[in-house]
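Every chain is numbered from 1 and lettered A, B, ... according to where its sequence line falls, protein lines coming before strand lines. Everything quoted here is computed from the prediction, not taken from an experiment.
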Number of protein chains: 2
Amino acid sequence: MRKLPPHTSPTSSTEAIAARIRDAVVEHRLPPGAKLGEVALGEIFGVSRTKVRQALIRLAQEKLVSLQPARGAYVAKPDAREARELFDTRRVIERVLIERFAAGATREQLSSLRQHLQCERQAIAAGDTALRNRLLGEFHVLIAQMVGNQVMTDMLRELVRRSSLATLLVQTPRSASCSSDEHASLIDAVLRRDAIGAVRLMDEHLAHVERDLKLSGLDGEALDLRAAIKV
Amino acid sequence: MRKLPPHTSPTSSTEAIAARIRDAVVEHRLPPGAKLGEVALGEIFGVSRTKVRQALIRLAQEKLVSLQPARGAYVAKPDAREARELFDTRRVIERVLIERFAAGATREQLSSLRQHLQCERQAIAAGDTALRNRLLGEFHVLIAQMVGNQVMTDMLRELVRRSSLATLLVQTPRSASCSSDEHASLIDAVLRRDAIGAVRLMDEHLAHVERDLKLSGLDGEALDLRAAIKV
DNA sequence: AGCCGAAGAATTGTATACAGTCAATTGGGG
DNA sequence: CCCCAATTGACTGTATACAATTCTTCGGCT
């Protein structure tokens, strides 16, 4: 007997739903405070509330949504303090990462990173802000992956996502381009095996990104869930 | 109108269940690989599978249990690599934490920490291994809390839990006592405002803990779930 | 007109029911 | 006697149904 469709991923359809919502949150298509009704989401994805609920629980644990008892799920609203703490934590981790990367980066890794940089530039040039912001974040996760500590990589990935939510990343194309330039400088420093310089650049880079964040702003009211999620 | 019983926590009854299982996992009452059947757990807690499932999803995201598609939930079995990465990550974070703590610890914080140390010693003397291991871990989280970065604290808490699972923490009373002594040395260094010494001590301490871990071992078969969870 | 209160609607919390998948066991054949 | 295949059993995956709570709206009172 065939099982060609080895049956769609089991618990991973839940992850697929979580991923869709997560992307919408991280890309600011769903603003902080937006209501995430279970039935509404269920209709959008064509599944029951059970599955939606499970996805929301996951996202709540990632601190991307806030579950309010008997009130419902809302996109999380990180405050200024949390934003500061997020970037502080990132600095701690990423300083070490870039230092190690400078010490051990292979030629292939650097070239792969440069390729990623190209993608960033392309997205910036094309004015695709969603893709641009995603790529700017993934740059950092990529370095973590290359360094090779899976645990640290997973943590950083979560931190980067939360950072994106915390900063109403309405980064101007100009500051995005600036970010990308700093990424390039980082690569150069690593190429020179300049660990100290790389660490300094990473510190400055994260400080710049943090400075550009404009917290708070629009309260997530009145919103078309379907439009925000349907990519 | 009264709402004296503000109604038992809403989504937090799920968290209560997760906590019970989590404690059992972290304290090694449930060995890595142990099957966590949904119906069995539901009967133990007197709830339906729905709630158990939600709790298991949370624990899976904390990497304490492994969800296998259509196969069920099992206590996670971190391998040697993951254990190394966990301690590596802890070193990165805790070095910074102890450094900052040495720079800014208040008298009250130090006294509170010394009080905790007393509890550790008491548990060790009493031969209460479960409490002992819990306290030894909480020492590190406590320092994080005192330093004040909530994000970093949460991450460290998770790392500590995972460390406990990864190491088949059958720490001998002797090495536990050793751990506690190193905690005391850390407090002393902070008291002297010796940041450099404190960092060194933390590094050594984590290295010692990591060295004491004996990975693998018994495969979690044949086990009385109820006995393991009912405290 | 404004505020308080109550009934109704909508949404969340939880359990149960059913369908699908995997593991085990039994029966037959080599 | 061993090995393979099909049926049976147990458990997970998902949806639906019901109960409880909250929000809303409408009516009445001050």
Side-chain angles (χ1 to χ4, degrees), chain A residues 1-21 33-61 65-76 219-226, chain B residues 1-21 33-61 65-76 219-226:
Chain A
M1 188 191 294
R2 302 294 302 287
K3 42 169 59 187
L4 242 206
H7 204 267
T8 172
S9 15
T11 182
S12 129
S13 74
T14 293
E15 167 54 27
I17 293 173
R20 292 281 296 277
I21 303 175
K35 172 84 189 258
L36 300 172
E38 296 179 358
V39 290
L41 289 171
E43 285 170 8
I44 290 175
F45 294 112
V47 299
S48 78
R49 281 177 51 217
T50 309
K51 258 175 136 14
V52 172
R53 206 174 169 70
Q54 290 169 358
L56 289 174
I57 288 176
R58 292 179 72 132
L59 295 172
Q61 204 151 354
V65 322
S66 151
L67 285 182
Q68 299 183 26
R71 300 273 326 278
Y74 299 82
V75 176
D219 260 334
E221 303 293 344
L223 170 69
D224 184 4
L225 265 188
R226 191 175 307 257
Chain B
M1 187 193 294
R2 300 298 301 285
K3 40 171 61 185
L4 241 207
H7 203 270
T8 172
S9 14
T11 182
S12 129
S13 74
T14 294
E15 167 54 27
I17 292 174
R20 292 281 295 278
I21 302 174
K35 173 81 188 266
L36 300 172
E38 296 180 356
V39 291
L41 290 170
E43 285 169 8
I44 291 175
F45 294 114
V47 298
S48 78
R49 280 178 51 218
T50 310
K51 252 174 154 353
V52 171
R53 204 172 169 70
Q54 290 169 359
L56 289 175
I57 289 176
R58 293 179 71 134
L59 294 172
Q61 203 150 356
V65 323
S66 150
L67 287 182
Q68 299 185 25
R71 298 274 326 280
Y74 299 83
V75 177
D219 259 335
E221 303 293 344
L223 170 71
D224 184 4
L225 265 189
R226 191 176 307 259

Nearest 0.5 angstrom please: [X] [atom1] to [Y] [atom2], how far?
X      : Y       : atom1 : atom2 : result
L67(A) : R53(A)  : CG    : CZ    : 7.5 Å
I44(B) : D224(B) : CD1   : CG    : 7.5 Å
K35(B) : R71(B)  : NZ    : CZ    : 7.5 Å
L36(A) : L56(A)  : CG    : CG    : 6.0 Å
E15(B) : Q61(A)  : CD    : CD    : 8.0 Å

Nearest-Å distance for atom pair [atom1]/[atom2], residues [X] and [N]:
X      : N       : atom1 : atom2 : value
Q54(A) : dG13(C) : CD    : P     : 14 Å
R49(A) : dA19(D) : CZ    : C1'   : 12 Å
Q68(A) : dC23(D) : CD    : C1'   : 14 Å
R53(A) : dT16(D) : CZ    : C1'   : 15 Å
Y74(A) : dT11(C) : OH    : P     : 11 Å
L41(A) : dA15(D) : CG    : P     : 14 Å
E15(B) : dG13(C) : CD    : P     : 15 Å

Which listed nucleotide ([options]) is nearest to the side chain of [X]?
X      : options                   : answer
A70(A) : dT14(C), dT21(D), dG13(D) : dT21(D)
E38(B) : dG13(D), dT14(C), dA15(D) : dG13(D)
V47(B) : dT11(C), dA15(C), dA17(C) : dA15(C)

Indicate whether OP1 or OP2 belonging to [N] is found under 4.0 Å from a side-chain N or O atom of [X].
X      : N       : value
R71(B) : dT12(D) : no
K35(A) : dT12(C) : yes
S13(A) : dT14(D) : yes
T50(A) : dT14(C) : no

